[in-house]
Structures are given as C-alpha cells and as structure tokens.
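Proteins come first, then strands; the chains are lettered A, B, ... in the order of their sequence lines, and each starts at number 1.
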Amino acid sequence: MKLATWNVNSLKIRLPQLLEWLPVEQPDVVCLQETKTENAGFPEVELQAAGYAALYSGQKTYNGVAILSRQAGAQPQAGIPGFADEQKRVLAATVGEVRVVCIYAPNGQAVDSDKYRYKLAWYEALTAWLKEELVCWPKLAVLGDFNIAPEDRDVCDPVAWAGQVLVSEPERAAFKQLQALGLADGFRLFEQAPKLYSWWDYRQLAFQKNQGLRIDHILLSPALASRAKACRIDKIARKRERPSDHAPVVVEVT
DNA sequence: ATGGCGCGCGCAGCGCGA
C-alpha cells in the first residue's frame, strides 16, 4: 500500500498536475492540503475518472483538506472532535484496515502571535484526539503539512531560522508529543540523504538553491511503522512550471 | 530597509502563506 501527502496550494490550479502525477506515482491513498476549494466545487468527477474516490472538507480561499483513495474511504471525520474550528484543517477516513488522518496544521505566522497560540492549542487538541484514535485503530497514519521542521537537519539554514515560527522549541515539543504517542516519523525510519526538504519559498530561487524546510510528514503507528518499506520526498513535482511550493511525500507499507 | 512569489478574490491591490 502506497500513501502520499501533498500540499497543492489550490487544487483548482494544481488539478492538471495532480491528474498527471497520480498514474505515475500510483498511490493508493493521497492526502491533499490547501485545496482552497468549497465542497460544492470539488473536482470529484475528474478524480473519479482517474480511479480515485474522494472525501473532502473545504472552504473558500483558505485551508481545505481531502483524502483520495482507490478504495473508497469509510467513516469520515472532519475536524478534531470537541475542538471548535471554522478552519478546515483535518479529515480522517478508514481505507482498508488503515485509519488515515489528513492534516493541514496552522502556520503560526510569528512566535507569540495569536496565530501561534492557536497553532499550539490546535496541536494540543490534535494530540489528545489521536491518543484516543490509536486505541481504536492500531494501523493509523497521520499525513500532511505539519508546518513544523522537527530537527535542525530538516532546516536549510538552522542559524538563520533559529527560534522562528516552524522551528521554535514549543512547536518542536508539540511534534515530539505526537511521537510520544508512538507515532514514528516515516521519513526517518530509513536512511536519507542530507538536505532533503518538502517546502521551498517561491521567492529568490529558493528551490534552485535548495533553501527549504522539511515540514510535510507521514507519521505511522507501530503496526504500520513495522511494515514500512520506503519513504521519500518527490521533488519532481516542484520542478514543473507553476508548481506548488510543497513537494509530495510518499510512503510504502506492506 | 521587511520585500521577494504565488494564490484567491475580483478587477485593484491586499491578506495570507512559510
């Protein structure tokens, strides 16, 4: 089984690239973030024609998440139960035996801003919810844009980024809280080359200079981590014209 | 010195992302 996550930064703009990428990569499950599409305008027909069923929780202009799967997802859950939030950032569904959780974590804007405090509160609610989910679902995967670079090796220039949003210690502590639930960073289950990132700023030729961050992740419960065969970041999509600023991350489990 | 780029919205230029 191959699972992927991709922050597409507008599904409407990126749909042609997604439809080209799906038959090349042939994932069984794809979690999308920043669809920026209301549910009424979701391209369900085009994706169905490509062989994927879709579940989605979207809104106009901002945020929006979706789960595509060859086998239709069941028991969909939008949002974190008990955490009131207008922003469409979370969608969970069951595909086969796997509970798939698609997340688009808040950016946080700047350390000590209201958005930063919202980000930390959001992570706290996410962690409490996933702790319960893990009781019900031994095979659980959390895929998405976490907006956290967990370690300095996930940052192109740790000195320049030190203390800033996406790398600050409270954010990294929030990521560690997820790992403390038993969720493994799928990417780090395998030997990886240095300086591999999943996001690059559109400005100043950041991609060409590989000035990026690894902020898109796939977390795996123990039952899935023990079955993981490979995890990689697919940079090819970022090299195209009019790319998303994020690259897909893909994991294979048996 | 605080923008740069790309997106949505909507038709000018701003808010937002990371």
Grab the two heavy atoms, one from [X] and one from [Y], that are nearest each other, plus how far apart they are.
X	Y	answer
A/Leu11	A/Leu32	CD1-CD1, 4.1 Å
A/Gly186	A/Cys231	O-CB, 3.5 Å
A/Gly73	A/Ala93	CA-CB, 4.5 Å
A/Ser221	A/Leu183	N-CD2, 3.7 Å

Check the angle between the aromatic planes of A/Tyr118 and A/Phe83 and answer parallel, tilted or perpendicular using the 30° and 60° thresholds.
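Geometry flag for A/Phe83 against A/Tyr118: parallel rings.
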Look at the rings of A/Trp21 and A/Trp6 and say which category their plane angle falls in: under 30° parallel, 30 to 60° tilted, over 60° perpendicular.
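Plane angle between 30° and 60°, so tilted.
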Within the structure shown, what part of the strands sits under 4.0 Å from [X] by heavy-atom distance: base, sugar-phosphate, or nothing?
X	answer
A/Lys115	sugar-phosphate
A/Glu34	sugar-phosphate
A/Asn63	nothing

To the nearest angstrom, how far is [X] atom [atom1] from [N] atom [atom2]?
X	N	atom1	atom2	answer
A/Asn107	B/dG6	CG	P	18 Å
A/Phe207	B/dA18	CZ	C1'	16 Å
A/Asn147	B/dA18	CG	P	4 Å
A/Gln59	B/dC16	CD	P	13 Å
A/Leu213	B/dG17	CG	P	16 Å
A/Arg203	B/dA18	CZ	C1'	8 Å
A/Gln211	B/dG4	CD	C1'	12 Å
A/Gln204	B/dG4	CD	C1'	6 Å

So, is [X] near the phosphate of [N], with a side-chain N or O under 4.0 Å from OP1 or OP2?
X	N	answer
A/Tyr104	B/dC16	no
A/His246	B/dA18	yes
A/Asn7	B/dA18	yes

For a side-chain hydrogen bond (donor to acceptor under 3.5 Å, both in side chains) with A/Asp154, tell me which candidate from A/Arg188, A/Lys195, A/Arg172 qualifies.
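With A/Asp154 as partner, A/Arg188, A/Lys195, A/Arg172 yield a single side-chain hydrogen bond (donor to acceptor under 3.5 Å, both in side chains), made by A/Arg188.
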A/Asp185 and side-chain hydrogen bond (donor to acceptor under 3.5 Å, both in side chains): which partner among A/Arg214, A/His217, A/Gln179?
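Only one option passes, and that is A/Arg214.
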For DNA chain B, the dot-bracket pattern of Watson-Crick and G-U pairs whose distances stay under 3.5 Å, | for other-strand partners:
....(((((...))))).
Between [N] and [M], how many Å separate the two [atom1] atoms, rounded to a whole number?
N	M	atom1	result
B/dA1	B/dA12	C1'	25 Å
B/dA18	B/dG13	P	26 Å
B/dC16	B/dG10	P	15 Å
B/dC11	B/dC7	C1'	16 Å

Is it true that A/Asp28 and A/Arg70 have a side-chain N and a carboxylate O under 4.0 angstrom from each other?
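Result for this pair is yes, salt bridge flagged.
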One character per nucleotide, please: for nucleotides 7-13 of chain B, 5' to 3', B when the base has a protein heavy atom closer than 4.0 Å, S when only the sugar-phosphate does, - otherwise.
SSS----
Checking A/Arg14 against A/Ser244: is there a side-chain donor and acceptor pair closer than 3.5 Å?
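No - no donor-acceptor pair under 3.5 Å links their side chains.
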